[in-house]
Amino acid sequence: MNVLDLPGPEFVQLYLVLIVIAVIGAVALRFILRQPGGDMPLDRISELHPLEVAYLARGPVGLIDASIATLVRRGSLGIDKVTRKLKASTLPPEGVTPVEEAVYNAVIQKGGRVSDVRKAVHGITNSATARLQAMGLVLSDDRRWSVRLFPTLLILAVGLLGVAKLCVGMNRHRPIGFLVVLLFVTLILVLMFPSLPVIRTRRGNRLLARMKRVNSPLQTSARRAPATLNDNDTLMAFALYGPNGFTSGPMADVGTVLAPPAQGGSGCGSGGCGSSSGSSCGGGGGCGGCGGGGD
Amino acid sequence: MIPHMGLGIGWRPELALAIDRRRDIAFVELMAEEFDPARPLPAPLRLLRERRVRMIPHGVTLNLGGAEPIDPKRAKHLVDLAAAVDAPFVSEHIAFVRAGGVEAGHLLPLPRTRDALNILVENVNRTREFLPVPLALENVSALFEWPGGEMSEAAFLNEVLERTDALLLLDIANVWANARNLGRKQGDDDTGILFLEQIPLDRLAYVHVAGGVERDGVYHDTHTAAVPQGVLDLLAELCARKTPPGVMLERDDDFPDEATLNRELDAIAAAVARGTSRRTGEPHAEVARVG
C-alpha cells in the first residue's frame with residue numbers, strides 16, 4: 001500500500017501518530033547518545049576546579065563568565081557599571097588558566113564589551129574541557145554533533161513524508177490546509193531539537209544536580225552574606241549558580257555586566273534584584289528577632 | 001527527659017555554609033516566625049536534617065508576659081513547626097512584646113511583681129496546653145528595672161518554672177549583661193555567679209551564648225559581636241555546677257567569616273570543657289564534647 005495514496009484525513013491521523021513516535025524516539029535517542037550514565041565516585045568531585053564546574057553548568061559561556069568573575073575578584077579586571085564594560089586593572093597573577101589569560105587579553109584588545117570578549121575567547125574554551133571529557137561528564141565536539149543530528153533526522157524523516165504527501169495533494173487539488181499546519185509544527189521541531197543545549201553527559205547531569213543540592217548552603221550564604229565567603233567558595237558559587245547567585249557585592253556587579261541589559265533599566269546592580277533566596281524563609285510578623293539587646 | 005544535644009548555633013541563612021561545614025554542630029535553633037511549617041524547609045536545613053542535626057523552634061512573638069491572652073494562631077504556628085522538624089521542645093521568652101495592639105519591636109523585661117508573675121504563669125500554662133512537646137523559657141536582658149519589684153530575678157524565674165513545670169533556656173550572656181548593668185548599680189553580684197547559684201539548673205534545656213557591645217558604660221546584648229571573655233568565664237562557672245544538655249552561639253548580624261565563627265564556637269566548647277573539668281576532676285582533653 002502506498003501511504004501517499006491514503007485519503008487526506010487518514011493520512012493526517014497516520015502523520016500525527018508518526019510525529020509523536022518520532023519525537024519520543026528523538027528524546028530517547030538524545031538520552032541514549034549522552035553516555036555515560038551513572039554516578040561519578042564522590043571522592044573525585046573535589047578534584048573539580050571551580051572553572052571546570054562553571055563549564056559543566058553552563059558550557060563555554062559559563063567558563064568565560066566564571067573566568068571574568070575570577071579576574072574581577074583578584075582585581076585584574078574592573079567593572080564600569082555605567083558603560084557595562086570590563087576594564088583591565090592589574091596584570092593577572094602567575095598561574096592563571098589559559099582561558100583567564102585569554103579573557104584578560106580580550107578585554108584589552110576588544111574594548112571590554114562582554115559580548116566581544118565572549119566571542120574572542122569562545123574558540124579556546126574546549127581546550128579547558130579535556131579533564132571533564134575524560135571523566136565522562138561532558139560530550140566531545142563529535143558526540144555533540146551526533147546528539148544534535150540523529151534525533152533531528154528522525155523527525156525530519158517524518159516531515160519529508162509529509163512534504164511528499166503535500167505535493168501529491170496539491171497535484172490532485174485536494175485540501176492541504178491541515179497538513180500545512182502539521183508541517184509547520186514539524187519544522188519548528190526540526191529547528192528546535194538541534195538548538196537544545198548539549199553540554200553534559202547523563203553522568204554530568206547527575207553530578208551537576210548533586211553538586212547543586214549539596215552546595216545549597218553555599219548558595220544561601222552567597223546570596224545573603226557574600227562578604228563572608230573566601231575566594232574559592234565565591235568562585236564555586238558563581239560557577240554552580242551563575243551570576244544570579246549573588247544579589248549584592250562585587251559578584252552581583254559582575255552579574256549586572258554579564259546579564260543582557262534589562263529593557264528600560266540598568267539591571268539589578270549590587271543592591272540586588274529582590275529575587276527570593278534559596279533559603280525561602282516564610283517570613284512573619286512580630287519583633288523581627290532577638291537581636292538588639294532584649295534577648 | 002531532657003535530651004542531650006551538644007554544641008549548637010542559631011541558624012541564619014548568612015551562616016548556612018559555615019554551619020553546614022561544622023560537623024560537630026548537633027543542633028540548630030530556628031527563629032520560629034521566619035519559617036512556614038506548611039512549606040518545605042530551606043535546602044540547607046534539609047541537609048542538616050539528613051545528618052540528624054536537631055532543630056529547636058524559638059519564638060519571639062508569643063508575648064507570654066503580656067496582659068493579653070495568648071494568640072491561638074501564634075501558638076499553633078509554634079506547634080506546627082515543632083511537628084515539622086520533630087523538635088524535642090520549643091522555646092520562648094519571659095518577656096512582653098506588645099500591648100494594646102502596639103508592637104514593642106523588642107523583648108521587654110517584666111516587672112517582678114506577683115501580678116506579673118501570675119499573668120506569665122497563666123499564659124505559659126495556656127500555651128503548654130497547645131504544645132505536644134515541652135516549653136523552655138528564656139531569661140531576657142534588661143537595661144532597666146521596673147519600679148515596685150517584689151522579688152529578685154532568680155526568685156521570679158524559680159517560681160515561674162516551678163508553677164508551670166517549664167524547662168529553662170538559660171541565656172548566659174543575658175545573665176552577665178544584667179549583672180554588669182544592674183547588679184553593679186545595686187552593689188549586688190556583678191558577675192552573675194550568685195544568680196547561677198539560685199536558679200534550678202536541673203531544669204536546664206540549653207544555653208544561649210552571644211556577644212554584644214558596650215556603649216557609654218552600658219552593655220547591650222546585640223548578638224552582633226564576639227562573645228566577651230566574661231560571658232565565657234560565666235559559662236565555665238555554669239558548667240562547673242552542671243553541664244548543660246546543649247550550648248549554642250547566637251549571631252544575628254554583622255556576620256563573620258567562617259574562620260572567625262569557628263573560633264567563636266571553639267571558645268564556647270573550650271569554656272564548657274573547662275568548667276566541666278573543674279567539676280569532674282577530669283583533665284580538659286578528656287572532656288572534649290559539650291554535654
Side-chain angles (χ1 to χ4, degrees), chain A residues 42 45-46 50 73 208-241 245-252 272 274-295, chain B residues 10 12-21 31-47 58-61 74 77 93 95 97-98 103-109 138 140-143 171 174 177 208 210 212 220-224 250 252-253 255-259 261:
Chain A
L42 267 174
I45 293 178
S46 57
R73 175 89 180 181
L208 184 65
R210 228 160 99 209
M211 286 188 76
K212 283 186 170 177
R213 182 176 172 271
V214 302
N215 280 288
S216 60
L218 172 62
Q219 182 185 26
T220 301
S221 289
R223 277 187 182 273
R224 298 292 290 259
T228 64
L229 303 184
N230 61 27
D231 283 356
N232 200 61
D233 289 336
T234 299
L235 289 171
M236 186 58 85
F238 196 99
L240 272 175
Y241 305 108
F246 294 83
T247 54
S248 64
M251 291 295 107
S275 54
S276 63
S277 77
S279 59
S280 63
C281 290
C287 299
C290 295
D295 182 18
Chain B
R12 305 286 181 272
E14 292 84 353
L15 302 175
L17 180 63
I19 293 171
D20 184 73
R21 285 184 174 158
M31 296 295 292
E33 287 76 7
E34 297 281 308
F35 295 89
D36 181 352
R39 290 174 66 187
L41 285 176
L45 282 172
R46 292 202 296 272
L47 290 178
H58 182 62
V60 294
T61 61
R74 294 182 195 266
H77 179 90
H93 298 83
V97 301
R98 78 180 67 82
E103 296 285 340
H106 206 69
L107 293 155
L108 294 171
E138 182 183 352
V140 301
S141 68
L143 299 179
D171 192 310
N174 288 346
H208 274 178
H220 298 261
D221 182 46
T222 58
H223 305 179
T224 61
E250 291 187 285
D252 294 340
D253 209 337
F255 297 98
D257 60 27
E258 189 178 341
L261 191 77

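Order of the sequence lines sets the chain letters (A, B, ...), proteins ahead of strands, with each chain counted from 1.
- Between B:Val60 and B:Met31, some side-chain heavy-atom pair lies under the 4.5 Å cut-off.
- Contact detail for B:Ser141 and B:Asp221: the closest heavy-atom pair is OG-CB, 4.2 Å.
- Proximity to chain A (any heavy atom under 4.5 Å) is restricted, for B:Leu15, to the backbone atoms N, CA, C and O.
- Of the atoms belonging to A:Asn230, not a single heavy atom falls under 4.5 Å from chain B.
- Looking at B:Arg21, only its side chain comes within 4.5 Å of chain A, counting heavy atoms on both sides.
- Every residue two or more places apart in sequence or in another chain that forms a side chain to side chain contact (heavy atoms under 4.5 Å, CB included) with B:Ala16 is listed here: A:Pro217, A:Thr220, A:Ser221, B:Trp11, B:Pro44.
- The heavy-atom pair separating B:Thr61 from B:Glu33 by the smallest distance is OG1-OE2, 2.7 Å.
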